[in-house]
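As structure tokens, the structure follows; a few thoughts come after it.
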Amino acid sequence: MLKCRTVWKKLAPLARASSTVCRQNVRRAGLNNGRLVHPPAAHMSTGPAGGGGGENQLYIALVGAACLAGGIYAYRTVKGDQRRYEERMAELASRSHKAAAQKTAVPTESGPPAVPEPEPSPSPPAPDTEAAAPSETTEPLPADEPMVEASSEEAAEPPAAPVVEEEPAPPSELSPVELTEPPPAPVVESEPAAAAETPAAEPAEPQPEVVAESAGDSTPASAKVPPHTPYLLIGGGTASFAAARSIRARDPGAKVLIVTDEPDLPYMRPPLSKELWFSDDPSVTETLRFKQWNGKERSIYFQPPSFYIHPEELDSAENGGVAVLTGKKVIHMDVRGNKVKLDDDTEISYDKCLIATGGVPRNLQAIERAGEEVMKRTTLFRKIDDFKSLDKVSRNIKSITIIGGGFLGSELACALGRRSTESGLEVIQMFPEKGNMGKVLPEYLSNWTTEKVKKEGVKIISEALVKSVTCKDDKLEIQLKDGRLVKTDHIVAAVGLEPNVDLAKSAGLEVDSDFGGYRVNAELQARSNIWVAGDAACFYDIRLGRRRVEHHDHAVVSGRLAGENMTGASKPYWHQSMFWSDLGPDVGYEAIGIVDSSLPTVGVFAKATAKDTPKAATEKSGTGIRSESETEDTAISPVASSTPAPAEEQHKDNYGKGVIFYLRDKVVVGIILWNVFNRMPIARKIIKDGEEHADLNEVAKLFNIHED
């Protein structure tokens, strides 16, 4: 219309001039002595006589041409404006459709969206060049086209025309016709949106459904790492898994991301030093399946890969889920900004965070100083890879030495000792104490246990302090401080665990100077939105004071409690976790509380039967991890056995089964159940009561140890 007005301004002077000429001609021809003379009707079409007809015809032609041109231009302008308006409305409609499809496929809170795993369908998703592609092999969206831009534009534009009334079909329901037909121009209201903005892609070949073998498969980090997660769990061990399960139990729609530097999904560690070594399956290092003492088979993993969702699907999971990001290590925490940085510089923000980084095996300084060749022949046992490596090594050498007399060292010694009878492998265990597990068991029981370990085919060297280790003539020579020399082919250092507190500095978290680990309160909280569980937590036990525990059941219990508190439970750590150790299928014990051989102890023993073994215990519980049969319930009004205790001399030096009480200020603070199983709730109640007992023999009757 503006252009039409401009043209009219140019033509108006010419029209006015023609009108003036016409009026002058009329006056000359029609006025006679002051009177108006009407010309004949026949001359009206060509003009009056007197020579003015030519100018009149020119005037009519110019006016007519101007009107015709103005009309044509106005028509074209109106039609063009209408067409552009329709195109704009179609563009807005296409954005609305595309945004809906993208939100269904790959919603994101910030940053470029990740490529989703396709849903099973007869045909792949529509070939939207900006939306998710039909398979994981497609490249992710370019970083300069984040979906949030479309959303913000959409909010700024006026409401779309009726083209948005028809919702597009979800990508999994699109027909092959919609994939292959080119979009009509300029706008088709009933077509799904992306066709209005971009030309149709080439017909896509149907892609098979992508089934992940593991939630931690290695793929580019940019496609795997969600930029934000409500619950971030650092560490992929037992505590993290227990916390994730607890969070999901209290918040069914929760989205949980576990970040672990290991390549494996969460798994249980105890079988690595126990049942896996007794498997008859030659491929056990690959399957990681083992038979429990009762013969039932199970996997070392807590859950199969199908239990987890892929990290890139976490944002779009309608009902939430647990995702595991494997092979990634958190190297920095920004507590104020609620975010962490991974070792590839990727950042993840969180609402609540759990640190469950566990620990790293200690090594002897004599080994660390010995050089690279000695280090190559030394195993620090902790992970699945360590089990696989040690299994392979033990089948190809003649001698192996285990340094350490604690839980891990004794378990590995017994496990490898069984193999020595089959392959002739020499198994040596050395430790600085007088007997096996001397730091935990009273001396008499430690000595008895040492004899049991010897019967498993293990050569014991007690009171051994390592002075140096050298490699000579393709053998490792271990020089002890008392002058003894031990030659071997391989060393397993099982001398304890160092809590992993690498994040303490960047996060500004306190590390306990006495026990190590992150210092937390009774609710396992280190900061307002940061919790710690498992081996790395130095917690306040409301009954026994500040402690740090390195056992499977503690990881389960503390992880579960941390998960509950992350969802607002505000529960203190009152539950006493237990731990256990098996020296083969015939000797095992369960313990609770503070068990330290430096404390006064009282032991009550009885003759063992065939039912009093770890093997028999798993037959009752149905699991090789005995703590999984534990509950948080304490025993209520336990009934003591009516069977009188046999005379003590009848069972002298026969520690088949029994109960050992550990005392502090005459109060029981720890209990070991020696070949006595499924009685832990009773022990838990005794510690919780915190009472002095005049006769612990009467207390021992609560465990029914004298019953056959």
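Predicted, not measured: the structure shown is a model, and the values here were computed from it.
Summarising the geometry, atom CZ belonging to Phe407 is positioned 13.5 Å from atom CG belonging to Leu412; distances are rounded to the nearest 0.5 Å. The structure places CD1 of Ile384 at 13.5 Å from OG of Ser389, a figure rounded to the nearest 0.5 Å. Note: Ile397 CD1 to Glu426 CD = 10.0 Å, rounded to the nearest 0.5 Å. Ile478 CD1 to Met430 CE: the interatomic distance, rounded to the nearest 0.5 Å, is 4.5 Å. Distance check: His554 NE2 to Met578 CE gives 14.0 Å after rounding to the nearest 0.5 Å. The line from CZ of Arg543 to CG of Asp689 is 8.5 Å long, rounded to the nearest 0.5 Å.
A donor-acceptor contact closer than 3.5 angstrom links the side chains of His490 and Thr379. For the residue pair Ser423/Arg395, the side-chain donor-acceptor check at 3.5 Å is not satisfied. Side-chain atoms of Asp541 and Gln576 include a donor-acceptor pair closer than 3.5 Å. Checked by atom type, the side-chain pair Arg664/Tyr662 shows no donor-acceptor distance below 3.5 Å. Remark: the Ser581 side chain and the Glu411 side chain contain an N/O donor-acceptor pair separated by less than 3.5 Å. Side-chain atoms of Ser399 and Thr488 include a donor-acceptor pair closer than 3.5 Å. Looking at Ser279 and Asp281, their side chains never bring a donor and an acceptor atom within 3.5 Å of each other.
Without hydrogens or angle criteria, Ser240 side chain to Gly235 main chain gives a donor-acceptor distance under 3.5 Å. Put simply, the side chain of Asn500 gets close to the backbone of Asp502: a donor and an acceptor are under 3.5 Å apart. Lys657 places a side-chain N or O within donor-acceptor distance of the main-chain N or O of Ile705, the cut-off being under 3.5 Å. No donor-acceptor distance shorter than 3.5 angstrom exists from the side chain of Arg547 to the backbone of Tyr540, with no hydrogens or angles considered. Although no hydrogens or angles enter the test, the distance criterion places no donor-acceptor pair under 3.5 Å between the side chain of Asp535 and the main chain of Pro499. Proximity of a side-chain donor or acceptor of Asp596 to a complementary backbone N or O of Ser598 within less than 3.5 Å is detected. Between the side chain of Thr450 and the backbone N or O of Asn436, at least one donor-acceptor pair lies under 3.5 Å. Judged purely by atom type and a 3.5 angstrom limit, Ser558 uses its side chain to pair as donor or acceptor with the backbone of Gly534.
Residues Val466 and Leu364 approach most closely at CG2-CD1, 4.1 Å, considering heavy atoms. Shown here for Leu702 and Ile682, the closest heavy-atom pair between the two residues is O-CD1, 3.3 Å. Here the shortest heavy-atom pairing between Arg560 and Ser246 reads O-OG, 2.9 Å. For Ala562 against Leu524, the heavy-atom pair with the smallest separation is N-CD1, 4.0 Å. The two residues Pro432 and Leu465 make their nearest non-hydrogen contact at CB-CD2, 3.5 Å. Scanning both residues, Ser410 and Gly406, for their nearest heavy atoms gives OG-O, 2.8 Å.
Under the side chain to side chain contact (heavy atoms under 4.5 Å, CB included) rule, Val324 has a single partner from Leu265, Asp264, Leu233, which is Leu265. For the side chain to side chain donor-acceptor pair (under 3.5 Å) with Asp489, the qualifying choice from Arg377, Lys398, Lys475 is Lys475, the only one to do so.
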- Task: Report the C-alpha separation of Glu456 and Arg418 in whole Å, then their side-chain angles, then the decisive distance to 0.1 Å, and conclude whether the salt bridge (Lys or Arg N to Asp or Glu O under 4.0 Å) test is met.
- Result: CA-CA 6 Å; Glu456 296 291 334; Arg418 286 292 183 94; 2.6 Å; yes

- Stepwise salt bridge (Lys or Arg N to Asp or Glu O under 4.0 Å) test for Glu451 and Lys455: CA-CA 6 Å; Glu451 296 302 315; Lys455 292 179 180 179; over 6 Å; no

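Between Trp674 and Trp448, the ring-plane angle classifies as perpendicular under the 30° and 60° cut-offs. Ring planes of Phe241 and Phe302: parallel class, angle under 30° (limits at 30 and 60°).
Counting heavy atoms from C-beta on, the side chains of Arg684 and Ile592 come closer than 4.5 Å. Counting heavy atoms from C-beta on, the side chains of Ser394 and Leu416 come closer than 4.5 Å. Looking only at side-chain heavy atoms (C-beta outward), Val453 and Gln429 come within less than 4.5 Å of each other. The shortest distance between side-chain heavy atoms of Val604 and Ile660 does not fall below 4.5 Å. Between Asp553 and Phe579 there is no side-chain heavy-atom pair separated by less than 4.5 Å.
Salt bridge absent: Asp385 and Lys383 never bring a charged side-chain N and a carboxylate O closer than 4.0 Å. Using a cutoff of 4.0 Å between basic side-chain nitrogens and carboxylate oxygens, Arg362 and Glu498 are scored as salt-bridged.
Taking the six-membered ring where the residue is Trp, the centroids of His693 and Phe661 are separated by 6.0 Å or more. Trp580 has its ring centre less than 6.0 Å from the ring centre of His552. Residues Phe290 and Trp277 keep their aromatic ring centres 6.0 Å or farther apart.
Within 6.0 Å of the CG atom in Asp514, the count of heavy atoms belonging to other residues, nucleotides or ligands exceeds 12. Counted within 6.0 Å of CG on Asp280, heavy atoms from surrounding residues, nucleotides or ligands total 12 or fewer; the atom is thus considered open.
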